[in-house]
**Student:** 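Okay, here's the structure, questions in a sec.
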Amino acid sequence: HAGNMYIADYVNHNILLVESGSKKVQVYAHHSDMNQPNDIAIADNGNLYASDPNWQQGTGNLWLINKQQDVVLLDENMGTTNGVEVSPGNDFLYVNESVQRIIWRYSILPDGTVADKQQFFTFDDYGMDGMRTDRQGNLYVARYGAGEIAIISPSGTLLKQVKLEGQHPTNVAFGGKEGKTVFVTMQKRGAIETFESE
């Protein structure tokens with residue numbers, strides 16, 4: 001947002017902020033009840049959503065950090081929450097559970113909190129990591145261990161599986177001139193792979 005960079009600091013239970021043009025790292029939000037904020041998504045109004053897994057126990061939470069920097073617990077006792085993303089219209093929040101292999105969808109309410117939790121998609125194998133949506137609202141899911149990005153339509157249909165060179169994609173981002181190039185961070189290979197979305 002406005003070129004600011006937000007970082008999940010899972011060691012110290014913080015969300016960090018590096019303002020645009022600055023090199024100074026500041027604590028944007030902290031809550032001692034966080035296990036280890038893992039992944040974040042930003043709504044157009046500046047609300048931040050953070051997944052918060054406890055890998056040892058196979059559980060997880062979901063947090064909202066609003067513009068007032070209040071840290072609000074949205075959901076708890078979930079599976080290992082990992083990838084999180086806001087739909088293009090800011091109507092829905094998607095959260096995945098890596099170990100349980102479930103993607104959940106919530107409706108986002110005007111105050112930034114969520115309601116109407118529904119199971120959106122499940123996989124039979126391999127974990128999940130980062131997720132991002134394209135402009136059409138299709139969800140691009142990093143399938144850790146499977147070496148692919150799964151593309152799921154807003155109605156929950158698996159459209160395509162894009163095979164990668166490496167087996168361990170962790171995060172997905174859109175960029176390039178048209179905003180259609182998909183950048184995928186690859187753990188173990190220590191590389192970034194790219195492909196063009198439609």
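Quick caveat, the model's predicted, so the values are computed rather than measured.
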**Student:** Within a reach of under 6.0 Å around CD of Q119, are more than 12 heavy atoms found that belong to other residues, nucleotides or ligands?
**Tutor:**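 Result for CD/Q119: enclosed.
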**Student:** Test D52 against every option in T81, N61, T59, N38 by the side-chain hydrogen bond (donor to acceptor under 3.5 Å, both in side chains) rule and name the one that passes.
**Tutor:**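 With D52 as partner, T81, N61, T59, N38 yield a single side-chain hydrogen bond (donor to acceptor under 3.5 Å, both in side chains), made by N61.
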**Student:** Backbone N or O of T185 within a donor-acceptor pair of the T170 side chain at under 3.5 Å?
**Tutor:**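 Looks like yes, one N/O pair under 3.5 Å.
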**Student:** Minimum heavy-atom separation for L93 and V86, please, with both atom names.
**Tutor:**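 Smallest interatomic distance, heavy atoms only, reads CD1-CG2, 3.9 Å.
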**Student:** I need the L159 CG to S153 OG distance, nearest 0.5 Å.
**Tutor:**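 These two atoms lie 5.0 Å from each other.
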**Student:** Partners of Q187 by side-chain hydrogen bond (donor to acceptor under 3.5 Å, both in side chains), sequence neighbours excluded?
**Tutor:**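 Testing Q187 for side-chain hydrogen bond (donor to acceptor under 3.5 Å, both in side chains), a comparison that skips the adjacent residues, returns Y144.
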**Student:** Compare all side-chain heavy atoms of I103 with those of I152 and state whether any distance is below 4.5 angstrom.
**Tutor:**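 Contact flag for I103/I152 side chains = yes.
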**Student:** May I ask you to test the Y126-E148 pair for a side-chain heavy-atom distance under 4.5 Å?
**Tutor:**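 A side-chain contact under 4.5 Å is absent here.
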**Student:** Provide the full list of salt bridge (Lys or Arg N to Asp or Glu O under 4.0 Å) pairs with a residue in residues 157-167, sequence neighbours left out, each pair given once.
**Tutor:**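 Qualifying pairs, neighbours excluded: K160-E198, E165-R189.
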**Student:** Under 4.5 Å between side-chain heavy atoms, hopping through other hydrophobics if needed: is there a path connecting Y6 to M34?
**Tutor:**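 Result: yes, single cluster for both.
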**Student:** Which residues satisfy the ring-ring contact (aromatic ring centres under 6.0 Å, His included) test with H31, sequence neighbours excluded?
**Tutor:**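 Result, ring-ring contact (aromatic ring centres under 6.0 Å, His included) vs H31: W63.
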**Student:** Show the nearest heavy-atom pair for residues S20 and N4, with the distance to one decimal.
**Tutor:**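 Nearest heavy atoms, S20 then N4: N-OD1, 2.8 Å.
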**Student:** Measure the spacing between CE of M131 and CD1 of I149 and express it to the nearest 0.5 Å.
**Tutor:**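 Reported to 0.5 Å precision, the distance equals 11.5 Å.
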**Student:** Under the rule for side-chain hydrogen bond (donor to acceptor under 3.5 Å, both in side chains), what residues qualify as partners of K180, not counting sequence neighbours?
**Tutor:**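 K180 satisfies side-chain hydrogen bond (donor to acceptor under 3.5 Å, both in side chains) with no other residue.
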**Student:** For E193 versus G166, what's the shortest heavy-atom pair and its separation?
**Tutor:**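 Between these two residues, the closest heavy atoms are OE2-N, 2.9 Å.
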**Student:** If I compare all heavy atoms of S197 with all of V182, which pair ends up nearest, and what's the gap?
**Tutor:**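 Heavy-atom minimum between the residues: CB-CG2, 3.9 Å.
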**Student:** What pairs with D9 under side-chain hydrogen bond (donor to acceptor under 3.5 Å, both in side chains), at least two apart in sequence or on another chain?
**Tutor:**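 Residues passing side-chain hydrogen bond (donor to acceptor under 3.5 Å, both in side chains) with D9: N12, N14.
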**Student:** Applying a strict under-4.5 Å side-chain criterion to I, L, V, M, F, W and Y, I'd like to know whether Y94 and V114 cluster together.
**Tutor:**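 No, Y94 and V114 fall in different hydrophobic clusters.
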**Student:** Considering residues at least two apart in sequence or located in another chain, which fulfil the salt bridge (charged side-chain N to carboxylate O under 4.0 Å, His left out) criterion with E97?
**Tutor:**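 E97 satisfies salt bridge (charged side-chain N to carboxylate O under 4.0 Å, His left out) with no other residue.
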**Student:** Run the numbers on I15 and V71 for side-chain contact (heavy atoms from CB on, under 4.5 Å), then give the verdict.
**Tutor:** CA-CA 10 Å; I15 304 292; V71 182; over 6 Å; no
**Student:** Has the side chain of E19 got a donor or acceptor atom that lies under 3.5 Å from a matching backbone atom of K24?
**Tutor:**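 Answer holds: no.
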**Student:** Which heavy-atom pair separates Q136 from P154 by the least distance, and what is that distance?
**Tutor:**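 What the structure gives for the nearest pair is O-CG, 3.7 Å.
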**Student:** Please identify each residue that fulfils ring-ring contact (aromatic ring centres under 6.0 Å, His included) with Y106, with sequence neighbours left out.
**Tutor:**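 Not a single residue meets the ring-ring contact (aromatic ring centres under 6.0 Å, His included) criterion with Y106.
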**Student:** Starting at CE of M78, measure out to CG of L62 and round the result to the nearest 0.5 Å.
**Tutor:**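 One finds 6.0 Å between CE of M78 and CG of L62.
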**Student:** Taking only residues two or more places apart in sequence or in another chain, which ones pass salt bridge (charged side-chain N to carboxylate O under 4.0 Å, His left out) with E196?
**Tutor:**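 Not a single residue meets the salt bridge (charged side-chain N to carboxylate O under 4.0 Å, His left out) criterion with E196.
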**Student:** Should V25 and V27 be counted in the same cluster of Ile, Leu, Val, Met, Phe, Trp and Tyr side chains packed under 4.5 Å apart?
**Tutor:**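 Yes; tracing contacts between hydrophobic side chains, which count when under 4.5 Å, links both residues.
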**Student:** What residues form a salt bridge (charged side-chain N to carboxylate O under 4.0 Å, His left out) with D125, not counting sequence neighbours?
**Tutor:**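 If we apply the salt bridge (charged side-chain N to carboxylate O under 4.0 Å, His left out) test to D125, skipping adjacent residues, the hits are R143.
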**Student:** Considering residues at least two apart in sequence or located in another chain, which fulfil the ring-ring contact (aromatic ring centres under 6.0 Å, His included) criterion with Y49?
**Tutor:**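 Counting only residues at least two positions away or on another chain, Y49 forms no ring-ring contact (aromatic ring centres under 6.0 Å, His included).
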**Student:** Using side-chain heavy atoms (C-beta onward) and a distance below 4.5 Å, is W55 in contact with S98?
**Tutor:**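 Yes, close enough: below the 4.5 Å cut-off.
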**Student:** To the nearest 0.5 Å, how far apart are CG in N138 and CG in L158?
**Tutor:**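 Rounded to the nearest 0.5 Å, the CG-CG separation comes to 11.0 Å.
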**Student:** Quick check for you: to the nearest 0.5 Å, what is the distance between Q100 atom CD and M128 atom CE?
**Tutor:**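 If we round to the nearest 0.5 Å, Q100:CD and M128:CE are 8.5 Å apart.
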**Student:** Do L73 and W104 land in one hydrophobic cluster if side-chain heavy atoms of ILVMFWY residues count as linked below 4.5 Å?
**Tutor:**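 No, because L73 and W104 fall into different hydrophobic clusters, even though each may have its own neighbours under 4.5 Å.
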**Student:** Partners of F174 by ring-ring contact (aromatic ring centres under 6.0 Å, His included), sequence neighbours excluded?
**Tutor:**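 Applying ring-ring contact (aromatic ring centres under 6.0 Å, His included) to F174 gives Y140.
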**Student:** Are I40 and Y28 connected in a single hydrophobic cluster, I mean Ile/Leu/Val/Met/Phe/Trp/Tyr linked by side-chain heavy atoms less than 4.5 Å apart?
**Tutor:**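 Yes; tracing contacts between hydrophobic side chains, which count when under 4.5 Å, links both residues.
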**Student:** Hey, is the main chain of N54 close enough, under 3.5 Å, to the side chain of Q36 for a donor-acceptor pair?
**Tutor:**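 Side chain of Q36 to backbone of N54: no pair is present.
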**Student:** Applying the side chain to side chain contact (heavy atoms under 4.5 Å, CB included) criterion to T113, which one of N66, I108, L64, N47 satisfies it?
**Tutor:**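 Only match with T113 under side chain to side chain contact (heavy atoms under 4.5 Å, CB included): L64.
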**Student:** Does any pair with a residue in residues 175-198 pass ring-ring contact (aromatic ring centres under 6.0 Å, His included), and if so which ones, sequence neighbours excluded?
**Tutor:**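 For residues 175-198, and leaving out neighbouring residues, there are no ring-ring contact (aromatic ring centres under 6.0 Å, His included) pairs at all.
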**Student:** Counting only N and O atoms by type, is there a donor-acceptor contact under 3.5 Å from the side chain of H13 to the main-chain atoms of N35?
**Tutor:**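 Checked: pair present.
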**Student:** Indicate the atoms forming the closest heavy-atom contact of G156 with F121, along with that distance.
**Tutor:**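 G156 and F121 have their closest heavy atoms at O-CD1, 3.4 Å.
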